[in-house]
Amino acid sequence: MNDVFDYDAELIRYNERLRAAAHVTTHDRVLDIGCGAGQTTREAARSASSGSAMGVDVSASMVDRARRLSEKEGLRNVTFERADAQTHPFAPEHFTVGISRFGTMFFTDPAAAFTNIGSALRPGARLVQLVWQAAAQQEWVGAIRHTLAGEGRMPAGLTGGAFSLADPTVATGVLTTAGFTAVEITDVREPIYYGPDAASARDALVGLGMVEYLVADLDAAVSARAHDRLLALLDAHDTGEGVWFDSRVWLITARRP
Ligand SMILES: C[S@@+](CC[C@H](N)C(=O)[O-])C[C@H]1O[C@@H](n2cnc3c(N)ncnc32)[C@H](O)[C@@H]1O
């Protein structure tokens, strides 16, 4: 995960959906899983003005950035830990709400990870997450893959990683195995933002690693043409208010019994 890409800008529409669903109130103690630079953690801390919010992320640089941004805002009820949420020894039954904005899809053993997260939640606590639906549902994946593939080739399908909880049966199974109940999965569709213009959007995608991954085994001339096609595609998606792509996610809520 890189430090350059601006997830806060990309996910601005989804952020509102997560915030509404999490419905953090004054006395909540919130755990933000895979918090990245901590925008959602800080928002939770502001809502839990007599409670607290803790963000955890495996990336030291993300946690540093989250701490710096929170200090700058003068927030006193927010903390960040560099931790692997799969195994971190959280205080048992401490948190009243767990949230995650695309931070729970990268676990190597999801059932064990969610069991660990569940043990950190108080009985009755809610877990509210956003995860990507399948790659085939994402205009941003399809368009970018198609544009970069060219030359009669298509890269292999994208399934794991960011899309590991894309199948609702799998997500429900994992959460149920981990002891959660009342699993509800809602289809949410919002555009995602890649930058004010095509060139910035291309730089963002290169920073995200997506472009390099797709052109990794193409020769230099093909790769250059692919980048040109990408730029043209991004330009076509420039609405005049920036470059936007359609996307679909699952809003998953569950309860710790
Ligand atoms: C797509 S980013 C989302 C970051 C943040 N939630 C946001 O919306 O801006 C996924 C984040 O999950 C973190 N992550 C991945 N696996 C993790 C794990 N096992 N424990 C904690 N964080 C993890 C990554 O380091 C990364 O910052």
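Atoms within each ligand, like the ligands themselves, are counted from 1 in listed order. Values in this document were obtained by computation on a predicted structure and should not be read as measured data.
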[X]: numbered ligand 1 atoms lying under 4.0 Å from its heavy atoms:
{"X": "Q86", "value": "19 (N)"}
{"X": "G34", "value": "4 (C), 5 (C), 6 (N), 11 (C), 12 (O), 13 (C), 22 (N)"}
{"X": "A83", "value": "20 (N), 21 (C)"}
{"X": "F106", "value": "10 (C), 15 (C), 16 (N)"}
{"X": "G36", "value": "4 (C), 5 (C), 27 (O)"}
{"X": "F102", "value": "1 (C), 2 (S), 3 (C), 10 (C)"}

Option nearest atom 3 (C) of ligand 1 (shortest heavy-atom distance, choices M105, R101, R82, H88) =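 The residue whose heavy atom sits nearest atom 3 (C) of ligand 1 is R101.
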Short N or O distance, [X] and ligand 1, threshold 3.5 Å exclusive:
{"X": "T40", "value": "no"}
{"X": "V58", "value": "yes"}
{"X": "D84", "value": "yes"}
{"X": "D57", "value": "yes"}
{"X": "M62", "value": "no"}
{"X": "F107", "value": "no"}

Minimal non-hydrogen separation, L234 against F245, with atom names =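 In this case the closest contact between L234 and F245 is CD2-CE1, 3.6 Å.
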request  = Starting at CZ of R29, measure out to NE2 of H94 and round the result to the nearest 0.5 Å.
outcome  =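 Output value for this atom pair is 5.0 Å.
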query = Would you call D246-R189 a salt bridge at under 4.0 Å N-O?
reply =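 Judged by the 4.0 Å cut-off on N to carboxylate O distance, D246 and R189 do form a salt bridge.
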inquiry  = Students often mix this up, so state it plainly: with edges at 30° and 60°, are the rings of W132 and W140 parallel, tilted or perpendicular?
reply    =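 If you compare the ring of W132 with that of W140, the planes turn out tilted.
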task = Determine, stepwise, if the pair R46 / E73 fulfils salt bridge (charged side-chain N to carboxylate O under 4.0 Å, His left out).
result = CA-CA 11 Å; R46 281 192 284 272; E73 287 184 30; 2.4 Å; yes
inquiry  = Any atom of ligand 1 sitting under 4.0 Å from a heavy atom of C35?
reply    =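 It does, in that a heavy atom of C35 comes within the 4.0 Å cut-off of ligand 1.
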query = Under 6.0 Å between ring centres, would you say that holds for Y7 and F102?
reply =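 When the ring centroids of Y7 and F102 are compared, they turn out to be at least 6.0 Å apart.
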request  = Answer yes if the ring centres of Y194 and W244 are under 6.0 angstrom apart, and no otherwise.
outcome  =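 No - the distance between ring centres of Y194 and W244 does not fall below the 6.0 Å cut-off.
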task = Using the rule that two of Ile, Leu, Val, Met, Phe, Trp, Tyr join whenever any of their side-chain heavy atoms come within less than 4.5 Å, decide whether L130 and I117 are in one cluster.
result =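 Yes, because L130 and I117 connect within a single hydrophobic cluster, where side-chain heavy atoms sit under 4.5 Å apart.
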message = If hydrophobic clusters are built from ILVMFWY residues whose side chains come within less than 4.5 Å, do L75 and L31 share one?
response =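 L75 and L31: separate clusters.
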